[in-house]
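Structure first, commentary second.
What you see is a predicted model, and the numbers here were worked out from it, not measured in a lab. Protein chains get the first letters and strands the later ones, always in sequence-line order, with residue 1 at the start of each.
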Amino acid sequence: MSGTVRTRFAPSPTGFMHVGNLRSALYEYLIARVSGGQFVLRIEDTDQKRQVPGALEAIYATLEQCGLQHDEGPDIGGPYGPYVQSERLEHYRDEAEKLIAGGHAYRCFCTAERLEYLRWQQEGQSFQGYDRHCRDLDPDEAAARAAAGEPCVIRQRMPLEGQTEFVDAVYGRITVDNSELEDQILLKSDGFPTYNFANVVDDHDMHITHVVRGSEYLSSTPKYNLLYEAFGYEIPTYVHLPLILGKDGQKLSKRHGATGFTELVEAGYLPEAILNYLLLLGWSPGDTEEIFSLAEMEQAFTISGLSRSPATFDYGKLLWFNQSWLRGEEPEQFARRCRGALEDALGREATDAELELAGRMLQPRLERLTDIPAQLEWLQELPEDYDLGLFTHKKMKTDAASSRLMLERLRAGLAALESWTEEEIHAFLLAAAKEQGVKNGQVMWPLRIAISGRSVTPGGAVELATLLGRKETLRRIDLSLDRLAGLRS
RNA sequence: GGCCCUAUGGUCAAGCGGUCAAGACGCCGCCCUCUCAAGGCGGAAUCGGGAGUUCGAUUCUCCCUAGGGUCACCA
């Protein structure tokens, strides 16, 4: 066997792409990449009842958006296809027959009703599971019954005594008594393999060297090993991952908030930020680095950095990663993200200068992409009935009366400015403050309130006025002046 | 309930016998400042409990406790 590391992401198209799945895919991808190996995509569609339309497309789209490029898969082929389990049915059947022939599996004719009755009867007992009713049927007789059309499943014949142990790359040595293991179903009566069986067969066929999956599979791993042994296949390296929990310590689910990749993207999170957060949720680089691009992850990732304890998904920290990624973007690229909302607010096309300014204003303040419109809301129009109390600011030493005076003084100067540029407006206002012997805030505050009508804006008076344009700025000053005048008389 | 896994601040976590127990998010304060952010500086906050082993346990062992996982013709 070659020493090339091969991992696979094997989702089943039964729903949206959960962040837990995505994190598994990321780790699988990284384990392969960090050692120059291959990352395989395999679709596990053995549950015909739970197929969800569109789920497959979502898987491809998510992988694509995240940059987790696979080397082999249903869409691009590869040497060990097909990569869709429903296209490999014959093969599983043959493999199951092999096991029967070797005495490692047997046909079981128990009905669903009988099994249900069994479960009901076993409630509270220590060993719950199949009672091995068909385990000792004569193989030839069983084969004949099956051939005659009697529905049956194929079960794995577990050893009744002894122990099975395996070494997991993150959890270490794990030992389980064989008496704990159920004679699990390998092939269902509809001819489809179960997940456990198809997994082993496919992982072997596809030369997967590292089986990476959630720790919920930890306790069923001994069954896998027994299967590998029954086949005489080499056992892969297991890498079990700690689970992701919600705020309440329960397994992360919809009720904790958005848990699907698509949902998060729609909520304004960047794929880079989501991936970055997921990377650190269960893995540590060992140093204090926190921001990782995919390329950087490919350099830094180590299996030994994986954590064993479950991690709580923290939306607050995800938000911080999102902000960090947003701030780190090239200003031009960030500005482009603002174009749509800016033009909506403006009601017309934006100039390059306006776009640049808007980007500069929002980039350090944005938490999510979806917040852009709200950040630009002040641009739309001056709220007609904003609270005049906003003019009163203790630290700035301003109030409605002083603001009125200030605005009256400022108005003419602004109207007379040679050009309406950020620099010029800025210079003018600073000069005005100096001239009047007041602090900058005493001219900036009233102006900002007068033209925005808001206590909080994504920028100061200068930026606001610049983006508003001279005409609109003066119009808003007049509007505010009118209201301020009405206060007195 | 049986079995398996886990256990450092509210959260993610470094630590791998001797540390004043990193760092980050969040929180609080200060600075900067035309508001809010961003940025800078500082602060509060952690080894679940009990036995061992050892000169010395956060670190090793055992027990307890707590949390999680798993016991399907689902993956």
Donor-acceptor pair under 3.5 Å: do we get one between A:Ser215's side chain and the base of B:C5?
no
Would [X] count as a cation-pi partner of [Y], with NZ or CZ less than 6.0 Å from the six-membered ring centre and within 45° of the ring normal?
{"X": "A:Arg454", "Y": "A:Tyr386", "value": "no"}
{"X": "A:Arg213", "Y": "A:Tyr224", "value": "yes"}
{"X": "A:Arg173", "Y": "A:Phe166", "value": "no"}

[N] - base-pair partner by Watson-Crick or wobble geometry, distances under 3.5 Å:
{"N": "B:U58", "value": "none"}
{"N": "B:U6", "value": "B:A66"}
{"N": "B:G1", "value": "B:C71"}
{"N": "B:G23", "value": "B:C12"}
{"N": "B:A44", "value": "none"}

Please encode protein proximity along nucleotides 25-38 of chain B as a string of B, S and -, counting only heavy-atom distances under 4.0 Å.
S-------BBBBBS
Nearest to the [X] side chain among [options], which nucleotide is it?
{"X": "A:Ser219", "options": "B:A72, B:U70, B:G67", "answer": "B:U70"}
{"X": "A:Glu180", "options": "B:C3, B:C12, B:C5", "answer": "B:C3"}
{"X": "A:Arg119", "options": "B:C73, B:G2, B:A22", "answer": "B:C73"}
{"X": "A:Arg155", "options": "B:A13, B:G10, B:C73", "answer": "B:C73"}
{"X": "A:Leu243", "options": "B:U70, B:U11, B:G68", "answer": "B:G68"}
{"X": "A:Ile174", "options": "B:U6, B:A75, B:C4", "answer": "B:C4"}
{"X": "A:Gln250", "options": "B:C4, B:C12, B:G67", "answer": "B:G67"}

With distance as the sole test, does [X] use its side chain to make a donor-acceptor pair with the main-chain N or O of [Y] at under 3.5 Å?
{"X": "A:Trp378", "Y": "A:Ile451", "value": "no"}
{"X": "A:Thr370", "Y": "A:Ala267", "value": "yes"}
{"X": "A:Asn276", "Y": "A:Glu290", "value": "yes"}
{"X": "A:Asn178", "Y": "A:Glu161", "value": "yes"}

Partner residues of A:Tyr315 under the ring-ring contact (aromatic ring centres under 6.0 Å, His included) criterion, sequence neighbours left out
A:Phe313
ring-ring contact (aromatic ring centres under 6.0 Å, His included) partners for A:Tyr27, two or more places apart
A:Phe301
Rounding to an integer number of Å, can you tell me how far [X] [atom1] sits from [N] [atom2]?
{"X": "A:Leu306", "N": "B:G15", "atom1": "CG", "atom2": "C1'", "result": "17 Å"}
{"X": "A:Asn21", "N": "B:C74", "atom1": "CG", "atom2": "P", "result": "19 Å"}
{"X": "A:Leu319", "N": "B:U11", "atom1": "CG", "atom2": "P", "result": "19 Å"}
{"X": "A:Leu280", "N": "B:C12", "atom1": "CG", "atom2": "P", "result": "12 Å"}
{"X": "A:Asn196", "N": "B:A72", "atom1": "CG", "atom2": "P", "result": "11 Å"}
{"X": "A:Lys251", "N": "B:G68", "atom1": "NZ", "atom2": "P", "result": "12 Å"}
{"X": "A:Leu245", "N": "B:A7", "atom1": "CG", "atom2": "C1'", "result": "13 Å"}
{"X": "A:His18", "N": "B:A75", "atom1": "NE2", "atom2": "P", "result": "18 Å"}

At under 4.0 Å between heavy atoms, what does [X] touch on the DNA or RNA strands: base, sugar-phosphate, or nothing?
{"X": "A:Ser452", "answer": "nothing"}
{"X": "A:Lys49", "answer": "sugar-phosphate"}
{"X": "A:Cys110", "answer": "base"}
{"X": "A:Thr312", "answer": "sugar-phosphate"}
{"X": "A:Phe321", "answer": "nothing"}

Establish, with yes or no, whether the OP1 or OP2 oxygen of B:A75 is under 4.0 angstrom from a side-chain nitrogen or oxygen of A:Thr46.
yes
Check the phosphate of B:A75 against A:Lys188, side-chain N and O only, distance under 4.0 Å to OP1 or OP2. Yes or no?
yes
Using the [atom1] atom as the reference point in each nucleotide, state the distance between [N] and [M] in Å, no decimals.
{"N": "B:U54", "M": "B:C60", "atom1": "C1'", "value": "10 Å"}
{"N": "B:C12", "M": "B:U6", "atom1": "C1'", "value": "16 Å"}
{"N": "B:U46", "M": "B:G9", "atom1": "C1'", "value": "4 Å"}
{"N": "B:A7", "M": "B:G15", "atom1": "C1'", "value": "15 Å"}
{"N": "B:U58", "M": "B:G18", "atom1": "C1'", "value": "12 Å"}
{"N": "B:G49", "M": "B:C73", "atom1": "P", "value": "43 Å"}
{"N": "B:C16", "M": "B:C31", "atom1": "P", "value": "39 Å"}
{"N": "B:A13", "M": "B:U8", "atom1": "P", "value": "9 Å"}

Regarding [X] and [Y], do their side chains bring together a donor and an acceptor under 3.5 Å, going by distance alone?
{"X": "A:Glu44", "Y": "A:Ser12", "value": "no"}
{"X": "A:Asp399", "Y": "A:His393", "value": "no"}
{"X": "A:Asn225", "Y": "A:Thr164", "value": "no"}

Can the ring centroids of A:Tyr195 and A:Tyr217 be said to lie less than 6.0 angstrom from one another?
yes
Any N/O pairs under 3.5 Å between the protein and nucleotides 57-59 of chain B? List them or say none.
none

Here's a test of your reading of the structure: between A:Thr175 and A:Pro151, which maps to the more 5' nucleotide of RNA chain B?
A:Thr175
With RNA chain B as reference, determine whether A:Arg308 or A:Thr14 sits nearer its 5' end, using the nearest nucleotide of each.
A:Arg308
What class does the angle between the rings of A:His18 and A:Phe16 fall in, given that below 30° is parallel, 30 to 60° is tilted and above 60° is perpendicular?
perpendicular
Do the rings of A:Tyr277 and A:Phe321 sit parallel, tilted or perpendicular, given the 30° and 60° boundaries?
tilted
Close N/O contacts between protein and nucleotides 41-43 of chain B (under 3.5 Å):
none

Cut-off 3.5 Å, no hydrogens considered: what does the side-chain donor-acceptor table look like for residues 431-441 of chain A, sequence neighbours left out?
residue, atom, partner, partner atom, Å
A:Gln436, OE1, A:Arg409, NH1, 2.6

